Amino acid sequence: MSLTLGTILDSESLSIQDVLVIRHAYNAEPTSSRLAGIHADSTDDEILAYTRRQSAKSQIFPATPPRFWVVLMPEGSDSGRLWRVVENRGELSNDGELREFDLVDTDYMRDLLNRLVVR
């Protein structure tokens, strides 16, 4: 039996229905964008700020995102390394193009931060 993310979430008492998994990509946003990209040397604050801002288009990002977000950073071409599990406390703003969310750090999977790699 292989270890799956679902098994790990179960061990943390996180229901898969309450979790959104986000794998970021390193990118430089164009100067016309209102978003700042992230890179391998981005700080935790920069990554959190980047994660807070999501598209207002429901085809790109869920209209009603779950309470917990498992955030992965790029690790190779098809994997992600666990950065944080954050709690979504709701939408702070929505201008029709971008939505900003109130995200706070949690203790979920704390012992696996920067160690767990998901393919």
Side-chain angles (χ1 to χ4, degrees):
M1 182 171 137
S2 62
L3 181 63
T4 66
L5 183 56
T7 304
I8 294 170
L9 293 175
D10 285 346
S11 74
E12 294 281 330
S13 300
L14 284 170
S15 170
I16 195 71
Q17 293 82 8
D18 292 332
V19 172
L20 174 69
V21 178
I22 298 174
R23 181 189 176 273
H24 287 312
Y26 296 137
N27 61 354
E29 295 289 336
T31 54
S32 62
S33 173
R34 293 175 22 219
L35 293 175
I38 55 173
H39 48 83
D41 295 325
S42 290
T43 66
D44 287 343
D45 288 339
E46 291 169 332
I47 296 168
L48 183 60
Y50 182 78
T51 305
R52 277 194 168 107
R53 292 182 209 96
Q54 298 294 331
S55 175
K57 297 178 184 174
S58 61
Q59 307 92 308
I60 296 174
F61 194 78
T64 308
R67 180 176 173 194
F68 297 103
W69 300 3
V70 174
V71 183
L72 307 171
M73 297 304 291
E75 183 73 23
S77 63
D78 65 347
S79 300
R81 186 174 295 273
L82 179 63
W83 174 72
R84 294 282 186 283
V85 177
V86 295
E87 181 180 1
N88 167 23
R89 293 189 175 172
E91 189 176 286
L92 295 172
S93 65
N94 181 343
D95 65 7
E97 183 181 332
L98 289 176
R99 299 162 69 190
E100 187 164 344
F101 293 88
D102 180 12
L103 302 181
V104 294
D105 202 5
T106 71
D107 287 331
Y108 287 112
M109 299 168 55
R110 178 76 50 199
D111 57 332
L112 298 174
L113 297 183
N114 298 311
R115 295 182 10 185
L116 176 66
V117 176
V118 178
R119 178 179 249 178

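In this text the structure is predicted, and so the values were computed from the model without any measurement.
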For the [atom1] atom of [X] and the [atom2] atom of [Y], what is their distance to the nearest 0.5 Å?
X: Phe68; Y: Glu12; atom1: CZ; atom2: CD; value: 11.0 Å
X: Asp105; Y: Arg84; atom1: CG; atom2: CZ; value: 5.5 Å
X: Asp78; Y: Arg119; atom1: CG; atom2: CZ; value: 4.5 Å
X: Arg52; Y: Phe101; atom1: CZ; atom2: CZ; value: 12.0 Å
X: Ile16; Y: Leu9; atom1: CD1; atom2: CG; value: 5.0 Å
X: Leu116; Y: Ile8; atom1: CG; atom2: CD1; value: 4.5 Å

Intermediate values then yes/no, side chain to side chain contact (heavy atoms under 4.5 Å, CB included), Leu72 and Ile22 = CA-CA 6 Å; Leu72 307 171; Ile22 298 174; over 6 Å; no

Please report the shortest heavy-atom distance between [X] and [Y], naming the atom on each side.
X: Asn94; Y: Glu97; answer: OD1-N, 4.5 Å
X: Pro65; Y: Pro62; answer: CD-O, 3.5 Å
X: Ala63; Y: Ser58; answer: CB-CB, 4.1 Å

With a 4.5 Å limit on heavy-atom distance, are the side chains of Met109 and Leu5 in contact?
->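 Met109 reaches Leu5 side chain to side chain.
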
Hey, does Ile38 have a side-chain heavy atom less than 4.5 Å from the side chain of Met73?
->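 Side-chain contact under 4.5 Å: yes.
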
Tell me if a side-chain donor or acceptor on [X] pairs with a main-chain N or O of [Y] at a distance below 3.5 Å.
X: Thr7; Y: Leu3; result: no
X: Arg23; Y: Ser79; result: yes
X: Asn88; Y: Pro66; result: yes

Could you go through the side chain to side chain contact (heavy atoms under 4.5 Å, CB included) check for Glu87 and Tyr108 one step at a time?
-> CA-CA 10 Å; Glu87 181 180 1; Tyr108 287 112; over 6 Å; no

Parallel, tilted or perpendicular: which describes the rings of Tyr50 and His24, with under 30° parallel and over 60° perpendicular?
->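 Aromatic pair Tyr50/His24 classed perpendicular.
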
Give the intermediate values and the outcome of side chain to side chain contact (heavy atoms under 4.5 Å, CB included) for residues Val70 and Leu20.
-> CA-CA 6 Å; Val70 174; Leu20 174 69; over 6 Å; no

Go through the steps for Arg99 and Arg53 under the test side chain to side chain contact (heavy atoms under 4.5 Å, CB included), then give the verdict.
-> CA-CA 6 Å; Arg99 299 162 69 190; Arg53 292 182 209 96; over 6 Å; no

Linking I/L/V/M/F/W/Y whenever any side-chain heavy atoms sit under 4.5 Å apart, do Trp83 and Val117 land together?
-> no

Check each of Val86, Val21, Thr106 against Trp69 using the side chain to side chain contact (heavy atoms under 4.5 Å, CB included) test, and report the only one that passes.
-> Val86

